[in-house]
Amino acid sequence: MGAEQKRRERGLVFVISAPSGTGKTTLVRGAMKQLPDLHFSISYTTRSPRANERENEDYYFISPSIFQKMVERGEFLEWAEVLGNRYGTTLASVSQLVSKGMDLILDIDTQGAKMVMEKVDQTILIYILPPSLEALRERLVKRGLDSPEIIQLRLASARKDMEEAHWYHYLIVNEKIDDAIEKLKAIVIAERCRKVKDSILGEKMREWEEHHGKNYC
Ligand code: 5GP
């Protein structure tokens with residue numbers, strides 16, 4: 001854990017959203033490899049695992065009925081339906097890690113991002129854009145995970161999704177993955193410094209009060 005994090009009592013929550021096929025997973029993994037103090041929040045989903053995905057690493061894959069029970073028990077900080085499947089982040093997983101001072105990355109859609117922003121202080125919203133819709137279509141075809149019908153659906157939903165990008169704090173255009181990783185790292189580091197600055201000021205004020213008493217003005 002870095003010196004900056006030791007100074008903070010609560011961790012930061014970085015929310016990352018992007019239309020699918022934008023390279024968000026590669027981007028997040030690349031940044032996390034170089035910023036080891038960042039933790040990935042594993043979501044629950046009713047979607048089936050893809051060939052390259054691992055249970056308890058990429059997602060917790062659960063049935064629609066279990067998901068529904070979790071909704072009814074109020075276990076989710078946020079949840080949303082995306083292209084016919086449900087996805088959610090539990091309150092427990094976020095609050096446990098954040099209260100220990102750990103910084104978290106949540107890879108969630110714009111509906112979930114809005115809910116997290118309303119409920120969690122210190123949420124930093126980052127939106128990843130593809131260089132163009134045509135580039136996105138090419139990536140989805142090349143990825144080879146979806147049928148042409150699903151690709152059409154993803155493109156239509158991407159267009160709509162990008163209209164939400166304006167209320168995010170940061171935008172990254174993922175044209176070259178290495179550049180995009182650098183930008184994501186820079187955002188994380190800058191946000192950590194912002195909080196460090198606050199706590200350093202707090203410390204300095206306490207030191208000042210100890211030496212001069214409270215009524216020093
Ligand atoms: P995919 O099925 O491609 O893994 O994800 C589809 C969409 O669901 C992506 O936009 C992803 O960010 C979003 N998503 C993944 N986990 C969550 C979650 O816990 N909550 C919400 N609201 N969206 C999620």
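By convention here, the first residue in the shown sequence is residue 1. Values below: all heavy atoms of this structure, side chains included; hydrogens, waters and symmetry mates excluded. As the structure lists them, so they are numbered: ligands from 1, and atoms in each ligand from 1.
Side-chain polar atoms of T45 and S43 form no donor-acceptor pair below 3.5 angstrom.
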Run the side-chain donor-acceptor check on residues 73-81: report pairs under 3.5 Å with partners two or more places apart or on a different chain.
residue	atom	partner	partner atom	Å
R73	NE	E75	OE2	2.5
R73	NH2	E75	OE2	3.1
E78	OE2	T89	N	3.2
E78	OE2	T89	OG1	2.5

Donor-acceptor contacts under 3.5 Å from residues 148-159 side chains, at least two apart:
residue	atom	partner	partner atom	Å
E149	OE1	S147	OG	3.3
R154	NE	D146	OD2	2.8
R154	NH1	S20	OG	3.1

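Between K160 and E163 there is no salt bridge, since none of the side-chain N atoms of the basic residue sits less than 4.0 Å from a carboxylate O of the acidic one. The existence of a salt bridge linking E182 and K185 is confirmed by a sub-4.0 Å separation between a basic side-chain nitrogen and an acidic carboxylate oxygen.
When heavy-atom distances to ligand 1 are checked against 4.0 Å, the residues falling inside are A18, K24, S43, R47, R50, Y59, E78, A80, V82, Y87, G88, T89, D107, I108, D109, G112, ordered by chain and number.
In terms of the side-chain contact (heavy atoms from CB on, under 4.5 Å) criterion, residue partners of E55 (sequence neighbours excluded) are, by chain and number, Y60, F61.
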